[in-house]
2 protein chains.
Amino acid sequence: MKIQRGRPLHKDRHVYSAGEEFKSVFAVRSGSIKSYTVSNDGQEQVTGFHLPGEIFGMDGIAHNHYTNSALAMETAAVCEIPFSKLQDLSIAIPSLQRHFFQLMSKEITNDQQLITLLSKNSAEERVATLLLSISNRNLRRQLSGTRFRLPMSRADIGNYLGLTVETVSRVFGRFQKQDMLKVDKKEIEVLDFDKLRALAN
Amino acid sequence: MKIQRGRPLHKDRHVYSAGEEFKSVFAVRSGSIKSYTVSNDGQEQVTGFHLPGEIFGMDGIAHNHYTNSALAMETAAVCEIPFSKLQDLSIAIPSLQRHFFQLMSKEITNDQQLITLLSKNSAEERVATLLLSISNRNLRRQLSGTRFRLPMSRADIGNYLGLTVETVSRVFGRFQKQDMLKVDKKEIEVLDFDKLRALAN
DNA sequence: CCATTAAGATGACCTAGATCAATATCATCG
DNA sequence: CGATGATATTGATCTAGGTCATCTTAATGG
């Protein structure tokens, strides 16, 4: 498959912007990417964080244009995977088609979990869930699940979880006071995993 | 394509339940269906309402098992569309594959809009958005966009929108007081469409 | 290397919507 | 058809998280 081996992307550079013609999906090679939409009244909604090894950009398929924008939260590298090639290939290799369906379906499942989180859980539960998710994704990348660096700002966390920065800050504060977490700026250390899991449920 | 022409489904009967093996997606023929998940702590989250002409059941593709349950909110009829046939066919007919990708991608876009709604909008804005969505979907079915019957209960509306029944009730009350809506139980009449659209944005 | 700006933390206060409770209305079935 | 349980409305009160304001710390650049 022809894959564009992307040059490094600097912090705050867009991989693509909402409205652009959809041509490709992308794989994160290094660094981290956030997806977000801008609603018609101008406010930003962060829809996802993408870590190395993860695929993003599938939101563009429906309308032939991306509905999200995607930008590097830190210096990053991405692989471009042209969708047309993918379609041709997936006709020749049915398992690839299936794989791709699964990726999209997984995205749906993820979004629905976020919907539940937003409509049913408290600020603490939301933050705990995000931390656990990042921890798990780090584990899958052979990294530590207990000590890691958050690639995103407090503002991005708040935006993603439907909370204000202040609330995110306070929740981190409470988590530290309970000796569940050690927080040093973006550096996180999980001290009590059971408690975190219990909160995230 | 072999399509199961479903016998009528009675109110509160499941089309499928979470955990069942994924075999098919479904099209609503008449009546209305709600999808919901049950989170590990037992609470229900309504993830979507499906009206005649709409497709549901795509959440099962990722894990070969449905993650949602789907049940009839009133007497309904659905068509079963076996996914294996769909896959075979979509290899022969690339446009069908594309069409199916689009359906899934649309689902992603929908979910992301709901995420924004839940994390950024007030109770009134949420309810207005749902009403407008149902109105629009009725229009596409050649039905009135101004007078229609809500197929779902207040509890389902609240659950879907991350609000309590009481709040939903009060919002309907306020909408009536403002002469924007006429509400008689589940029967809705939109009196001021501009105001509704403004709220829904 | 300091200046400027952005990011984060913390406190005081307020409000939208939750919770609790009482009542009213509807649907269903024996 | 009247009784019973589900569904909806309405009111009184409470609270999680928002808002606003201040202060601290960390990046960035000239």
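Proteins come first, then strands; the chains are lettered A, B, ... in the order of their sequence lines, and each starts at number 1. Being a predicted model, the structure only gives us computed values, none of them experimental.
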Take atom [atom1] of [X] and atom [atom2] of [N], then tell me their distance rounded to the nearest Å.
X	N	atom1	atom2	answer
A:R154	D:dT25	CZ	C1'	12 Å
A:L118	C:dG17	CG	C1'	16 Å
A:E74	C:dA7	CD	P	15 Å
A:N159	D:dG18	CG	C1'	15 Å
A:D184	D:dT24	CG	P	19 Å
B:M73	D:dT7	CE	C1'	15 Å

> Under the 6.0 Å and 45° cation-pi test, does A:K85 pair with A:F83?
Replying inline: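 Cation-pi check for A:K85 and A:F83: fails.
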> Given that A:N121 and B:S153 both sit by DNA chain D, which one's nearest nucleotide is further toward the 5' end?
Replying inline: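 Nearest-nucleotide comparison on DNA chain D picks B:S153.
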> Closest nucleotide of DNA chain D for A:E166 versus for A:A123: which of these residues is on the 5' side?
Replying inline: A:A123
For [N], does OP1 or OP2 lie under 4.0 Å from any side-chain N or O of [X]?
X	N	answer
B:T164	C:dA18	yes
B:T167	C:dA18	yes
A:K185	C:dG8	yes
A:R170	D:dG17	no

> Name the one of A:L130, A:T129, A:L131 that satisfies side-chain contact (heavy atoms from CB on, under 4.5 Å) with A:V127?
Replying inline: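 That would be A:L131.
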>> If you assign each of B:R126 and A:V165 to its closest nucleotide in DNA chain C, which residue comes earlier from the 5' end?
In response: A:V165
> Any luck finding a side-chain donor-acceptor pair between A:K182 and A:Q176 under 3.5 Å?
Replying inline: no
> Is the distance between the ring centroids of B:H65 and B:F22 under 6.0 Å?
Replying inline: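 For B:H65 and B:F22, the ring centres are not under 6.0 Å apart.
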>> Please evaluate residues A:S24 and A:E80 with respect to the criterion side chain to side chain donor-acceptor pair (under 3.5 Å), reporting the C-alpha separation (whole Å), side-chain torsions for both, the decisive distance (0.1 Å), and the verdict.
In response: CA-CA 6 Å; A:S24 308; A:E80 182 169 357; 2.7 Å; yes
>> Taking any heavy-atom pair under 4.0 Å as a contact, classify B:G158: base, sugar-phosphate, or nothing.
In response: nothing
